[in-house]
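This report refers to the structure that appears directly beneath it.
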Amino acid sequence: MSKDTFYITTPLYYVNASPHIGHAYTTLAADIVSRHKRAKGEKVFFQTGTDEHGSNIEKIALLNKVEPKQWADKVCYEFKKMWLDLNIMHDYFIRTTDANHEEQVRLIFEQLIKTGDIYLGIYEGLYCPMCENFYDESELTNGDCPVHKKQVENVKEESFFFKLSKYENRLIKHYENNPGFLSPKRRASEIVNFVKSGLKDISVSRTKVSWGIPVKSNPKHTIYVWFDALLNYITGAGYQVEKNDPEKLKKFESLWPADAHLVGKEIYRFHAIIWPAILMAMDIPLPKKIFAHGWWTVNGEKMSKSKGNFINPMDMADEYGLDSLRYFLFREVPFGQDGDFSFESFKQRYNADLANDLGNLFSRVINLSNKHLGKDMPEKPENSALFAKLSPNTAYIDEKINNLQFGDALNTIWEAVSLLNKEIDTQKPWQMAKTDLEKTKSFLKDTIWCLRLIAGWIYPFMPNTSAQMQMYLGIGNVKTDNSDNQKLPALFPRKK
Ligand code: MSP
């Protein structure tokens, strides 16, 4: 067995907060790539899940007077439900409290103690409990945690360390020899410079945190939540320390190395430095790509508990339709860059791009075809100039989705939509039909074939709309009753 499946992952989301639009963003991105590949007949394994250990989860459970696992179950359910509601088709949902994951993490930790990559020492440092991360003085913002802008604690404790420093040169070589590994390029240079400035060994166990995986040979320590969580990318894919389950062995061989880890920019260092170093220590090949996307703000502000400005994706989906949300997030901002979410820009894009451009194009073509083509299955006409012009875009859109350049793919699709609308405006098939019915039919068939292309192109972004379009485009004249003046339902009803 060898690798034959495209393997893509999202971060594992913490269960200390309900899912919001930021979480949905990464998961939708992975869904878009997965759907696109599956539609082409490729094998895909898309893994997402929840990160459930650590002091933050312990604290919030305590606050709510429930056991941490009970709390995790509740929020994990919210994530699973959200992915279902957003039409996300993941293949596997992993929880860091899964028995198999916990067992493998324990065994991996022991193995690395044996090889000397993990050793016992004393840690004294500045710790942000919210990040569950130690910081150097130089990394702080005005003395506070650079992420949470909250005071850091001075902590001294016995700790296991991972020999990150040992992998400094190998990491730099890997970055140099594999230019696509860190992506986008702009974010890669920050990582390379950080590694070149020198890596220190990192603390990978806690004695103060009880809600975590105990170290097998020294159970007063629990394994650092990041060390635990990063390993999900291999444990979920079937990796086992003792290679005794042939099914899992087969699974891992078909999936690894992962093709893409999608992460937000704030956790890039964990994924681009620590994760590859752990894999090097375990002698496992590195993933092919680690992609860091930007952050969404809301009306120019960071989403936060104190501001209470989290956007629940379902609020948008309920009002505007799920596909409109899926479209907006990837059209509005190039994947990789930061973006700002506002209701005004959402509504504007909805009315302009969806209700007006795509929705109108679709209803004009279908209504005219119903009138002039009768019930015939619209075969490709002899003269299909528009189709010939647009169909080469398929290869370009494929390339852009594969490269995670979703905005470029959508721009090209909407250029085609505009071109078709303009053609209809200039050709005026409703007038043409009065003088040259054959030419009108041929023109309409050509536009139907173009809409078939568009329905295929938008599938990974807007699966429901694509299905709806395909139904009408495939069988031409769809009627659900016998009345003559049946109206086609609007794909995107205009919003006031
Ligand atoms: N549990 C860690 C990840 C461990 S992976 C082995 C974690 N979890 S998280 O719940 O905080 O989720 C972080 C991820 O959510 C980000 O990397 C990003 O993918 C997504 N987002 C959270 N807020 C976001 C925005 N405001 N904008 C865009 N995406 C953001 O970190």
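Along the sequence shown, residues carry numbers from 1. In this text the structure is predicted, and so the values were computed from the model without any measurement. Read the numbers this way: they start at 1 and go in the same order the structure lists the ligands and their atoms.
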Would you please classify the geometry between the Phe341 ring and the Phe346 ring as parallel, tilted or perpendicular, with 30° and 60° separating the classes? tilted

Mind checking whether His221 and Phe160 have parallel, tilted or perpendicular rings, split at 30° and 60°? perpendicular

Quick one: does ligand 1 sit under 4.0 Å from the side chain of Phe270, the backbone, both or neither, non-hydrogen atoms only? neither

For ligand 1, note which part of Lys302 has a heavy atom under 4.0 Å away: side chain, backbone, both or neither. neither

Below 4.0 Å from ligand 1: does a non-hydrogen atom of [X] turn up there or not?
X      : result
Gly294 : yes
Lys265 : no
Trp226 : yes
His293 : yes

Starting from atom 3 (C) of ligand 1, locate the nearest protein heavy atom and write down its residue, its atom name and how far away it is, to 0.1 Å. Leu12 O, 3.2 Å

Checking a contact table here: which protein heavy atom is nearest atom 20 (C) of ligand 1, and how many Å away? Gly22 O, 3.5 Å

Give a yes-or-no answer on whether the side chains of [X] and [Y] include a donor-acceptor pair shorter than 3.5 Å.
X      : Y      : result
Gln337 : His293 : no
His261 : Thr9   : yes
Asp408 : Tyr396 : no

Ranking Tyr14, Tyr233, Phe79 by closest non-hydrogen atom to atom 6 (C) of ligand 1, top hit is Tyr233

For residues 250-258, which side-chain N or O atoms pair as donor and acceptor with protein atoms under 3.5 Å away, sequence neighbours left out?
unit_1 : atom_1 : unit_2 : atom_2 : d
Lys251 : NZ     : Gly236 : O      : 2.9
Ser254 : OG     : Lys251 : O      : 2.8
Trp256 : NE1    : Pro285 : O      : 2.7

Within a distance under 4.0 Å of any heavy atom of Thr26, pick out the atoms of ligand 1 and give their elements. 18 (C), 19 (O), 20 (C)

Separation between CZ of Arg326 and CD1 of Ile32, rounded to the nearest 0.5 Å: 6.0 Å

